[in-house]
Amino acid sequence: MVHRRVRDPNQCGGHRYHTGAHLFDFALGAAILGAAIVLLSAAAIFVVQANTVGMWSLTAILIVIGSASQVIGHQVFERRRPALVDNPIHLLLGPMFLMAKLFIVLGFRRDLAVIIDERPQGPLSSS
C-alpha cells in the first residue's frame, strides 16, 4: 500500500498519512478498547465481591510487587539502581515515561524522542 503525504497546516507534524495509517489507528484503538473493557469488567466483578480491607490489601500487594519487579528488572537488565530508590517521587514519573516511550515506538509522538533522549552537554554550573 502506498502512502501519500499531504500537507495539512492543522496537523502537529505538518503532514498526515492517508490510507493504511487510519486503519492501523482504528485497529489499535479497537484493541485497546477491547482490553480496557475486559480488564474493567474483571475489576468490577472483583470490587462487588471484595470488601474494603480486601481491596486495600490487593492494592498494597500490587504496589509492592510492581516496585519489587522494577528494582529487580533494573538490577538484572540495566545493572544499576532505579531512580525510585534514590527518590521515591520517581515512582509517579515512571508510568508517564513508559507511555511516552511506547508512543514513540508506535510512531504516535516522535517529537517526544527529542525531549526524552536529550542529554546534558556538560557539567552544570551552580552560579
(request) Kindly indicate whether the side chain of Leu102, heavy atoms from C-beta on, has any atom under 4.5 Å from the side chain of Leu98. (result) no

(request) Can you spot which of Leu39, Val38, Ile37 makes a side chain to side chain contact (heavy atoms under 4.5 Å, CB included) with Ser41? (result) Ile37

(request) State plainly whether one hydrophobic cluster holds both Ile32 and Leu106, where clusters connect Ile, Leu, Val, Met, Phe, Trp and Tyr through side-chain heavy atoms under 4.5 angstrom apart. (result) yes

(message) Starting from Leu92 and following side-chain heavy-atom contacts under 4.5 Å between hydrophobic residues (I, L, V, M, F, W, Y), which residues can be reached?
(response) Ile89

Only pairs under 3.5 Å count here: list side-chain donor-acceptor contacts from residues 57-64, not counting sequence neighbours, and write none if there are none.
residue: Ser57; atom: OG; partner: Val53; partner atom: O; Å: 2.7
residue: Thr59; atom: OG1; partner: Met55; partner atom: O; Å: 2.8

(request) Identify which one of Asp111, Ile115, Leu112 satisfies the side chain to side chain contact (heavy atoms under 4.5 Å, CB included) criterion when paired with Ile104. (result) Leu112

(message) With rounding to the nearest 0.5 angstrom, report the CD to CZ distance, Gln75 to Arg80.
(response) 10.5 Å

